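Since the structure comes first, as structure tokens, the remarks are kept for the end.
These values consider heavy atoms only, across backbone and side chains, with no hydrogens, waters or symmetry-generated copies. For clarity, every value in this text was computed on a predicted model and none was experimentally measured. Order of listing sets the numbers, starting from 1, for every ligand and every atom in it.
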Amino acid sequence: MGKQLLKVVLIGDGGVGKTSLRNQFIHKRFTNAYKATIGADFITKEIELEDGKRVSLQIWDTAGQERFQSLGIAFYRGADACILCYDVTNYLTFEHLAKWRREFLNQAGIGDSNPDFPFVLLGNKIDINERVVSRRQARAFAQEHSTVTGAKMEMPCFEASAKDGIHVEDAFVYIAKTVRIPQMELDMIGNGVHGPGSAPRLDWDAESRKSKSCC
Ligand code: GDP
Ligand code: MG
């Protein structure tokens, strides 16, 4: 059985906490230092699921250039899942998600070719007591941008605090559980991630999806 290695990209406005979420997930650590350098990088983490299956997540993060310029095709291409991040205390970051989603679909070369592409919504900074984006608004966004094939599937939405380490794993584990690269495709690409230009074709694991309740 080919090993599942999923490329996961974190996108959203600068400052919403993407780097902190990844640090917390990978290292279980939060640092307040804000580092904006140029470039993008990934860190791979293997997750063992309850059924014993192992899935590696290759988590891509920008290094600050989302403030100034487009992230570039290499960042997006071959992604198997995309986490749309916003800050629950900053409404603008939530408003910009539609733009981020469009940019992702265009740059990744997915467009309309895969109406089921797995997006996950993640609102960060719930430790701060100044929420301006409600759960209801998040759900409305998720519903509006849900995928349609057969039964309408809702984009899952999560809320987290990278600072306090609350619910940070949820979105990542959800992706590891639900996104599957078909075996046939794994055989073709070996154990690597999709090459540039190959649009990801993913199967959602319908059973896992059913069991998940959103925020
Ligand atoms: P990025 O630009 O999206 O990668 O955001 P960063 O991870 O660099 O975080 C931006 C700022 O928000 C930093 O000062 C972080 O310390 C802070 N931050 C990130 N996550 C949280 C969180 O969950 N709660 C709070 N209170 N601050 C956070
Ligand atoms: Mg960052």
Side-chain angles (χ1 to χ4, degrees), residues 6-45 57-108 118-139 141-142 145 155-175 214-215:
L6 303 175
K7 174 173 175 177
V8 180
V9 299
L10 287 166
I11 55 174
D13 283 0
V16 300
K18 299 179 298 297
T19 302
S20 304
L21 286 161
R22 189 178 71 169
N23 282 343
Q24 182 61 256
F25 176 59
I26 303 265
H27 307 296
K28 302 219 181 319
R29 211 167 51 215
F30 178 78
T31 51
N32 223 3
Y34 186 83
K35 198 175 100 196
T37 47
I38 297 298
D41 69 284
F42 63 81
I43 302 179
T44 306
K45 179 166 169 126
L57 298 184
Q58 188 188 77
I59 305 166
W60 286 65
D61 180 31
T62 77
Q65 77 274 35
E66 68 272 31
R67 287 158 190 268
F68 314 110
Q69 64 196 66
S70 165
L71 298 176
I73 278 177
F75 182 80
Y76 296 105
R77 279 287 155 118
D80 298 304
C82 175
I83 304 183
L84 292 168
C85 303
Y86 65 100
D87 171 351
V88 298
T89 72
N90 179 336
Y91 199 81
L92 260 187
T93 67
F94 179 68
E95 260 184 4
H96 290 159
L97 289 181
K99 176 186 77 80
W100 279 112
R101 181 176 172 278
R102 255 195 327 274
E103 158 126 341
F104 172 83
L105 288 171
N106 289 336
Q107 298 282 339
F119 285 99
V120 171
L121 192 59
L122 178 49
N124 187 37
K125 307 198 188 181
I126 56 168
D127 58 283
I128 304 177
N129 231 352
E130 293 161 30
R131 170 201 286 273
V132 295
V133 184
S134 67
R135 282 167 194 264
R136 181 197 288 259
Q137 285 165 321
R139 285 190 74 96
F141 178 89
H145 295 92
M155 184 192 300
C157 44
F158 299 92
E159 291 189 340
S161 163
K163 182 168 184 229
D164 292 351
I166 296 170
H167 295 313
V168 172
E169 295 204 337
D170 297 5
F172 296 102
V173 170
Y174 179 82
I175 288 168
C214 291
C215 60

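Taking backbone and side-chain atoms together, Ser20 has no N/O/S atom less than 2.8 Å away from the Mg ion (ligand 2).
Taking every non-hydrogen atom of Asp13 and a distance limit under 4.0 Å, the qualifying atoms of ligand 1 come out as 3 (O). The contact set between ligand 1 and Asp127, taken as ligand atoms under 4.0 Å from a residue heavy atom, comprises 22 (C), 23 (O), 24 (N), 25 (C), 26 (N). Within ligand 1, the atoms closer than 4.0 Å to a non-hydrogen atom of Val16 are 3 (O), 5 (O), numbered from 1 in the order shown. Near Ser20, meaning under 4.0 Å from any of its heavy atoms, are these atoms of ligand 1: 6 (P), 7 (O), 9 (O), 15 (C), 19 (C), 20 (N). With ligand atoms numbered from 1 in the order given, ligand 1 contributes 1 (P), 2 (O), 3 (O), 4 (O), 5 (O), 7 (O) to contacts under 4.0 Å with heavy atoms of Lys18. Within the listing of ligand 1, atoms 26 (N) sit less than 4.0 angstrom from a heavy atom of Ile128. In the vicinity of Gly14, heavy-atom distances shorter than 4.0 Å reach the ligand 1 atoms 2 (O).
Rounded to the nearest 0.5 Å, atoms CZ (Arg135) and CZ (Arg139) are 10.0 Å apart. Rounded to the nearest 0.5 Å, atoms CG (Asn124) and CD1 (Ile83) are 11.0 Å apart. With rounding to the nearest 0.5 Å, the separation of CZ in Phe25 from CG in Leu10 is 10.0 Å.
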Self-check item: Verdict with supporting geometry, Asp87 and Lys125, salt bridge (Lys or Arg N to Asp or Glu O under 4.0 Å)
Solution: CA-CA 6 Å; Asp87 171 351; Lys125 307 198 188 181; 3.5 Å; yes
Practice problem: Test side-chain contact (heavy atoms from CB on, under 4.5 Å) on Phe75 and Ile11 and set out the steps. | Solution: CA-CA 10 Å; Phe75 182 80; Ile11 55 174; 3.7 Å; yes
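With a 6.0 Å cutoff to the six-membered ring centre and a 45° limit on the axis angle, Lys45 does not count as a cation-pi contact of Phe172.
Here the closest heavy-atom approach between residue Val132 and residue Asn90 is recorded as CG2-N, 3.6 Å. Leu57 and Val8 get closest at one heavy-atom pair: CD2-CG2, 4.0 Å.
Of the candidates Arg22, Lys125, Lys163, Glu130, the one placing a heavy atom closest to atom 12 (O) of ligand 1 is Lys125.
At least one N/O-N/O distance between Ala162 and ligand 1 falls below 3.5 Å.
Contact annotation for Ile126 and ligand 1: no heavy atom of the residue comes within less than 4.0 Å of the ligand.
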